[in-house]
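Report on the structure given below.
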6 protein chains.
Amino acid sequence: MFRINISTSDRAQVLTQALPYIKQYSGKTVVIKYGGNAMVSDDLKSAVMEDIVLLSTVGIKVVLVHGGGPEINDVLAKIGKEPKFIGGLRYTDEETMDVVQMVLAGKVNKGLVQRLEQHGGQAIGLCGLDGGMIKAVKMKGEHDLGLVGDITSIDVTLIRNCLDNGTIPVIATVAAGENDGVYNINADIAAAQIASSLSAEKLVLMTDVRGLLRDKDNENSLISIVNVSDVPSLKRKGVIKGGMIPKIDCCVEAVRRGVKRTHIIDGRIEHSILIEMLTDEGIGTMFL
Amino acid sequence: MFRINISTSDRAQVLTQALPYIKQYSGKTVVIKYGGNAMVSDDLKSAVMEDIVLLSTVGIKVVLVHGGGPEINDVLAKIGKEPKFIGGLRYTDEETMDVVQMVLAGKVNKGLVQRLEQHGGQAIGLCGLDGGMIKAVKMKGEHDLGLVGDITSIDVTLIRNCLDNGTIPVIATVAAGENDGVYNINADIAAAQIASSLSAEKLVLMTDVRGLLRDKDNENSLISIVNVSDVPSLKRKGVIKGGMIPKIDCCVEAVRRGVKRTHIIDGRIEHSILIEMLTDEGIGTMFL
Amino acid sequence: MFRINISTSDRAQVLTQALPYIKQYSGKTVVIKYGGNAMVSDDLKSAVMEDIVLLSTVGIKVVLVHGGGPEINDVLAKIGKEPKFIGGLRYTDEETMDVVQMVLAGKVNKGLVQRLEQHGGQAIGLCGLDGGMIKAVKMKGEHDLGLVGDITSIDVTLIRNCLDNGTIPVIATVAAGENDGVYNINADIAAAQIASSLSAEKLVLMTDVRGLLRDKDNENSLISIVNVSDVPSLKRKGVIKGGMIPKIDCCVEAVRRGVKRTHIIDGRIEHSILIEMLTDEGIGTMFL
Amino acid sequence: MFRINISTSDRAQVLTQALPYIKQYSGKTVVIKYGGNAMVSDDLKSAVMEDIVLLSTVGIKVVLVHGGGPEINDVLAKIGKEPKFIGGLRYTDEETMDVVQMVLAGKVNKGLVQRLEQHGGQAIGLCGLDGGMIKAVKMKGEHDLGLVGDITSIDVTLIRNCLDNGTIPVIATVAAGENDGVYNINADIAAAQIASSLSAEKLVLMTDVRGLLRDKDNENSLISIVNVSDVPSLKRKGVIKGGMIPKIDCCVEAVRRGVKRTHIIDGRIEHSILIEMLTDEGIGTMFL
Amino acid sequence: MFRINISTSDRAQVLTQALPYIKQYSGKTVVIKYGGNAMVSDDLKSAVMEDIVLLSTVGIKVVLVHGGGPEINDVLAKIGKEPKFIGGLRYTDEETMDVVQMVLAGKVNKGLVQRLEQHGGQAIGLCGLDGGMIKAVKMKGEHDLGLVGDITSIDVTLIRNCLDNGTIPVIATVAAGENDGVYNINADIAAAQIASSLSAEKLVLMTDVRGLLRDKDNENSLISIVNVSDVPSLKRKGVIKGGMIPKIDCCVEAVRRGVKRTHIIDGRIEHSILIEMLTDEGIGTMFL
Amino acid sequence: MFRINISTSDRAQVLTQALPYIKQYSGKTVVIKYGGNAMVSDDLKSAVMEDIVLLSTVGIKVVLVHGGGPEINDVLAKIGKEPKFIGGLRYTDEETMDVVQMVLAGKVNKGLVQRLEQHGGQAIGLCGLDGGMIKAVKMKGEHDLGLVGDITSIDVTLIRNCLDNGTIPVIATVAAGENDGVYNINADIAAAQIASSLSAEKLVLMTDVRGLLRDKDNENSLISIVNVSDVPSLKRKGVIKGGMIPKIDCCVEAVRRGVKRTHIIDGRIEHSILIEMLTDEGIGTMFL
């Protein structure tokens, strides 16, 4: 690991900067949403899990909520079923729901758990069915999306128990129907609501974009800090648009419900979480 | 629920018999293995989960370990793959392992959790990857079975945490490779080793047979109690044979490693666990 | 204990019915008043104590308050003194008070304790003097009853300590005078007030009658459930009359002061408490 | 309370002497046996109870074991029964046992409790039946003494619970038969064995004599300290004789079984316990 | 220690009087200010420390605040510096402040700690810098007193931790400047404010006067009890005057801020604290 | 603090390196000896205190032991007294001892405490007299050094209490005489013995040298790691000589008595502790 070209005084400077952040977040809860599209390679996945273990190591209570769209599509392909999307959301019939549950809760989830464990973390893979954590009803809206659900309640008892035992809960966003059945839940929304329910210090959405850009084609136009009260005008101006709208709505909603800060960062950059959390430099967009 | 034909004194008798058992097991740990072949219908599955919730309700610490062979075969069929068995064990190539993990950890496991929750229990679905619970290496033996594993270590910290929080851990027997990869573990063996590691009071194997029969075609020839020291001679006499051999070996091994009593009972009989645990009557075969 | 004629499914039914009650009452407090007239034989006394131990065994916090009229009369006879009753209440001069205290606190009380211990319970014999539990003044009323007292205060600290240690407190209703001296207290009234002070889940009066009968000569006319608001009209109609009036007044008063349910049951029927508490069938009259 | 004739410096001296003793005994257990013959008047009884409350007040865990011979004789007289003694011990037939139990456990015991409460203490009256505290069998010996018992086991759980709750346990020495029945136990012996079982700091026998006198007719010949190893020779010399022999045997036995110091003091002298425990002056005889 | 001329009954009387006081103060906090002028000899200093250890011994939480004027003057003399007083207060330049800190926090403070330890106490020497306990700014007033400070905040966390560990905190009244630097604080004022912040039961100022005298030349004119509401009129009448004014102002202020009672006693009388705290007799003046 | 020229990936690298060390030492005890000669400027003193607060901030239990030779000499000069050294050790007569105690315990100690508090730490200034922490007798040896002492016992109760309360204990090495009096203790020796008594993870001696140099005139000849078993041969070869001998003897002794690692580092280099403890690079000499 040792690299000769970082001077002793530079090292000391990074450390004296980081230690107060570590102190500040130690014992606090941070919810990280790791999107399926940010899982671009096994190496990157491992690097992200290593960062999460490091944060957990110094006493930060990390909750990991994940997606898994690409892997769902792979299995659907195997059984010869065409994925179907309506307005960016997956139409989920019974058979698809079965695949969603198996892939998210059985494969992606436990795979992330295994990587966390391999890096020395203590992790546990859960979904919304465990401990009656997430309850949902069929989503109401213009289009019938099948078994896509709206969250009706979140019970974070189980998550708190895990965190109190020094364990990282990894959560697949499959929910129990209020009466019966299971529902497919959007992972950004689930992460935001879990963060609110936990009165988390932070919600971090790890995506495949650099953050909120003033000019979407220029990565140097990154907006570092956005006050949630400025979001409506940024929407009117068209700075926030397209796929960013639902993500930023999650950020705004979480801040409104008591999460101190939310972040959109680029999960494809190595150690982006460490940099965002433990240095004075911002690497993505922070909402407060 | 009320049925006029049980007399008051009969009720009192059942209760005065059951209460000391409840006292005896309250706070103690019982590991129940629920085999895929005993999951004959949704109604029966629900009835078994109801019994487990009742036991948990009066303070018994229940750990549920499950199989799921038939459901694995269903998904393999969907992706057009033929199941392959060698000496009664599933040959597990990479693709099959993927299906095994998704079905066991993603579907059967979380499905049992949901049923337990629906009956008022507090449950959590785990597999051997969670908390580094089960570690394995490729099984050594005459035949190459692919990713079928032999357990090398069991860490029950996570299970104990669940039990201490009043939660029922439901466990799919997928294990992490010592270095990497995942392995398919025989659920009877996993249940027996978990029971030993927990110094459980009881291990109950819920199967699709009545117990150990002196004459396998006569259900009235049930042997109620077997001392583990008599097992070798029962094998020599051919009373124990075929598929019963590995199951009974698990029972013997568990008793040898400190589990007080192990039971083979018929999971297809309604409430067989309640009867076995809370009445003077035996319904299956007990090993001690 | 085993009796062949209760079927497995009947047993399972009794158990699935009882377990939720056990769960419901476990950790809750139940005050049982055991009247001197219900102590008809040593065998019955033992059976009642066995039931109480069983309830205690599964975590129910039982407080036992007792009378002892017949045994007081026996000792008065020995010292050549005629019992004297005015309006159903014992006229209690100093010498009688001495006998009442010795018989209740020294003999009946410790005798019940010994039986509870013999059945495996952990019991302790107390009276109103212990821990300053019951304070009283001379009863005010039409007739001078000597040292019969009205309760002025109840301190349940000692009772709670016993219950928290898993011990069954057995209580003789002799009280300390506010200034000095001791008083004889009606046991039904004391039991009701102790139940209120403990915010008990239940008060059970074990008497020598079947419960409240619509027609006092017909045991089949038992009224199973009485809403306390209906008691005045039942008195006007003459259904509640004579010796039942003070008992039912205790029940009503206890419910009004926060005890969830009160019961009058027949202590002469074996296991009547178990049936009343752990089955859907009522055996006496419940007030709510 | 103020009396002009104690000078300030005398007061300071008494206090600087007492405080270390208070510190030394605070949190420690002291067993006091209060004999029936030392209960010479109601005033004296009250003074003794006041002292015990004061000791309890500063954190000393006091256990009070009592006798009651004279009061037993009074009740026997009332029912027209002649007390009968063999070798200094009461012959106890069934009817006498009944009286012994009622008087000790019902009257003397609860009377002492009431006095302790009146002086601001927290007390509870127990006998050997409570919590299965004292078990006994019929005494073996030259003479048949009826229901006089030899202790077979002592369970001090209940006593410890009381002490941990800041309560003074007051104990009547009636024991449960190993199988059934009740036995009359010598109170000195019971006190000594309770002290041993509690690993008490002190056992104090409050009697109606000044202590061990070198010349029994000269109160100035008091022996202040006796090493238990000197007892045999003191017996041979006739200094220890008559009724003192069993008392001193209790003291010796208690010291041998781990009680630090035992004392014989004169219960008829006001505040003799305070003086013995909290000043450098001895008022009776100490065995160590 | 034993002195023949205190009778047994006198001893008993002193003890029965003291025990309730011990009970009353046990677990409560008492702040004692020990002035430099009352430290008249090593023997007396030892006697005072012995009393404090005795009080601590029986569970009273003692905080010792001290002065040290005479010793400061000694060291100033050594370095050839003239002490300078303005209106009774020491003018404190930087060099003097250095000496004040070294003498109070390094010598007097640790010297008292050592004496407390030698008498069997557990003590710890602190000043206002430790744990940021006392913060101050330059005193505002008519005269410039240099580094004499007015207290701006008191943090008693450290003191409470000591007391909870059974340790006697000994406090030198040197404070940290709000921004930087150290300040010299009047010890009476500091003691009063510490007592308020701790909601102490008592504040005791040990001085070199008998208390408040009606006629300052007649020690028999001691006023034992003063209601703080009478202080203004006592000032107008000239009974409270000169150096007593600031001391009594401290007492009044402390009472107003919640300290139950404050005392001015003569530290030169042996055991004056014991007498004041544990007997019915007052030895100084009590303000309430 | 921000400096543009450290790249994001360099920062990430420093952090991923440091976090495991933080985890490793969090909750562990580290004893740091800060020598008077390393206190070369107020700025450096502040920088060292800042580092200590940072370490404490992330859960490391830091004990700070300090010297203060130069400041002692300053005060001796003021009172016109010549410092006198014999074999490198200060000859300490009564008057010098007084100065040593006042300067170390009253000035240097409390000054370091104040700096720690100013950087946001929670600190407390102690010496060997507090809580009877260090006991000593007059040092035995060739030369009479007056009140220089040899440690006879160390009681770390007080230190542990501080650490458990999240407080940094700062310790001046003045000790109580076994009987009376105070002694001057070498700070290196005291630090080593405190580290042993605490079973510390580390002992760090902050000196004014670079570490152990193979060639004392060449700072590039630093020996990074020394196995304590090699120390005798290094002494024979003359690599360890002069003033390094007693320091290294302390290191060796500490390791022998259970301290995991000891370090000699250069306190004059900014942030040398952070670099030594939280990076893979060594900056001084480590003994293990």
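Throughout, a chain's letter reflects where its sequence line sits, starting with A, and its residues are numbered from 1.
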- Message: Using heavy-atom distances under 4.5 Å, tell me whether B:V108 contacts chain A through its side chain, its backbone, both, or neither.
- Response: neither
- Residue from B:I168, B:L126, B:N165 scoring the most non-hydrogen pairs under 4.5 Å with chain A is B:N165
- When you measure from the side chain of B:E117 to the backbone N and O of A:G132, does any donor-acceptor pair fall under 3.5 Å? yes
- Task: Test side-chain contact (heavy atoms from CB on, under 4.5 Å) on A:I124 and B:I124 and set out the steps.
- Result: CA-CA 10 Å; A:I124 183 173; B:I124 185 172; 3.8 Å; yes
- Task: Taking all non-hydrogen atoms of both residues into account, name the closest pair between B:L129 and A:V113 and its distance.
- Result: O-CG1, 3.5 Å
- Message: Considering only residues two or more places apart or on different chains, which pairs with a residue in residues 152-166 of chain A satisfy salt bridge (charged side-chain N to carboxylate O under 4.0 Å, His left out)?
- Response: A:K61-A:D164
- Message: Quick one, A:M102 and B:Q101 - any side-chain contact, counting heavy atoms below 4.5 Å?
- Response: no
- Query: Any idea which heavy atoms bring B:D130 and A:K110 closest together, and the distance?
  - Reply: OD2-NZ, 2.6 Å
- Query: Taking A:Q122 for the side chain and B:G131 for the main chain, is one N or O donor matched with an acceptor at less than 3.5 Å?
  - Reply: no
- Note on the structure: Counting heavy-atom pairs under 4.5 Å with chain B, the top scorer among A:V103, A:L104, A:V99, A:D98 is A:D98
- Query: A:K107, A:K78, A:M133: which one forms the most heavy-atom pairs within less than 4.5 Å of chain B?
  - Reply: A:K107
- Query: What part of B:L158 gets closer than 4.5 Å to chain A, counting heavy atoms only: side chain, backbone, both or neither?
  - Reply: side chain
- Item | Contacts with chain A made by residues 170-188 of chain B (heavy-atom distance under 4.5 Å), listed by residue number | B:A176, B:G177, B:N179, B:D180, B:G181, B:V182
